[in-house]
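Right, I'll just put the structure down here and ask away after.
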Amino acid sequence: MCFGLFGVQIVWGLQNVNTSRIFQTLGADVDQLPILWIAAPITGLLVQPIVGHLSDRTWGPLGRRRPYLFGGALLTALALLVMPNTTTLWSASVMLWVLTASVNIAMEPFRSFVADTLPEEQRDAGFAMQVFFIGVGAVFASALPWMLTHWFGISGQAPPGALPPSVRFAFYIGAVTLIVAVTWTVFTTSERPPASLMADMARRPTQVTTPMASGGAMAWRGAAWTLGGSVLGLVTAIEGYRREVFLLAAIAVMFGLTQVAAAWLRRHGRASQGLLQIVDDIILMPAVLRRLAIVQFFTWFGMFALWIYAIPAVAAHHFDTNDVSSAAYGQSADLVGILFAGYNGVAAIAALSLPRLERLIGRRKSHALCLTLGALGLAGFPLIDDPSLLWIPILGIGCAWASILSAPYAMVASAVPPDKMGVYMGIHNIFLVLPQLVASAILGLLVEQTFDGQAISALGLAAAALIIAAAIALTIPDTEGDRRIIA
């Protein structure tokens, strides 16, 4: 059931390690990286809730989740073949949008697949097993260009404006591996029919949700979001803020307008449909998801900063270079690939111990502890000057990553009804991508003006974000799904 995530995570691993390198190779400056990366969070924001909503309502020969797993994998493999062969900055940016949209289609149903299939008492172990395969896939992807260069003699150097052959071959291998892994999951596993899931729903305790708002209250709330977004956009235009802020303003306006539309339907006695139903589900989501959303905001803000700035930060701080065509920059990029492989490897191993830790102290405290270790790891990048010692911070980041990829999903699965598992897993993803959008909007400005172009300072900011997330994690409400209660 989880093996397909090995292939999916290879895609994320190749993207996370190599996207900044591709953009800088094609001429992007460091302060331009956040806006170029914005494809990743924007597509997740749109695609995952929609795929979750649709898969909740799908049932065919392949079940409800597996058609999306398979179709998304095929689209992603095609994008992987094209991405490393782009020759201009705009084409690389477009292909990042295509690649991220496709892999989100393949990724989203995996969480719901486990939650649908496993009983409550096995979900912690199920999500931990997903992290194991995610970690193994990420290790393979992160280290793949290095392995191709050092083990198979494929060149890791290229002329200015071109990617090394080792990176291009890594993307090709990733495409093949993705298809094989996802196909294995799709055709060797089965899904429970909707009738069985609804029977489970009848036996579960009632979860606390937000009371249904009246049409008038929803309309006023939507108007407030629309007005706030419009004011932000106007201020951005007047003050000449970076264009990334316009995107945040547009999202606020869109969310406000959809609430107004849903309120209009309710006032006229009609049920919300499609995207408007997703808005209703967001407004009525359980209290656990509301608090978890705040935790996820700070968590993923910090992780996004790591992914964007790891290579330029290590290159400038530890190798004293900003020249993307230099041998030292290539060494720093290879080192970051190994470090990313390292934290994913640590996550794969740590995930096997998480269910036991969660039984001992509960999901909330376990998650807070792991986030604290991650914060200490991120703080190690600006504090450690010797690049050979950067494996030490990786231990803490790996422990945090194991919990980030498992504990929140177990909390969501325990707090939502089975017939809305897909859409709420997608809505939960919104709270992963919104902080990445915020990071895309402000990190470039912070690095350029506040941090005087020093990318390493962004990793210190990431450490502070994870500390805040750890503190808030302790306030997440208990649920019937907490392993201490089950035990």
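These numbers come from the heavy atoms of this one structure, side chains and all, not from hydrogens, waters or symmetry mates.
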Between W307 and W12, is the ring centroid distance below 6.0 Å? no
Sub-6.0 Å ring centroid separation between F340 and Y343: yes
Output yes when a side-chain donor or acceptor of S406 lies under 3.5 Å from a complementary backbone atom of A128, and no otherwise. no
side-chain contact (heavy atoms from CB on, under 4.5 Å) for V11 and L80? Distances and angles first, verdict last. CA-CA 8 Å; V11 181; L80 282 174; 3.8 Å; yes
If you compare all heavy atoms of A473 against all heavy atoms of H367, which two are closest, and at what distance to 0.1 Å? CB-CD2, 4.3 Å
Measure from NZ or CZ of R65 to the centre of the six-membered ring of F113, then state whether that distance is under 6.0 Å and the direction lies within 45° of the axis. no
Backbone N/O of M83 and side chain of T86: donor-acceptor pair under 3.5 Å: yes
Ignoring hydrogens and geometry, is there a side-chain-to-backbone donor-acceptor pair from T475 to I472 under 3.5 Å? yes
What pair of heavy atoms forms the shortest contact from A181 to F6, and how long is it? CB-CD2, 4.4 Å
With heavy-atom distances below 4.5 Å as the criterion, would you say the side chains of R66 and F70 are in contact? no
Determine, using ring centers only, whether F431 and F297 are less than 6.0 Å apart. no
Taking C-beta and beyond as the side chain, do H317 and L459 meet within less than 4.5 Å on heavy atoms? no
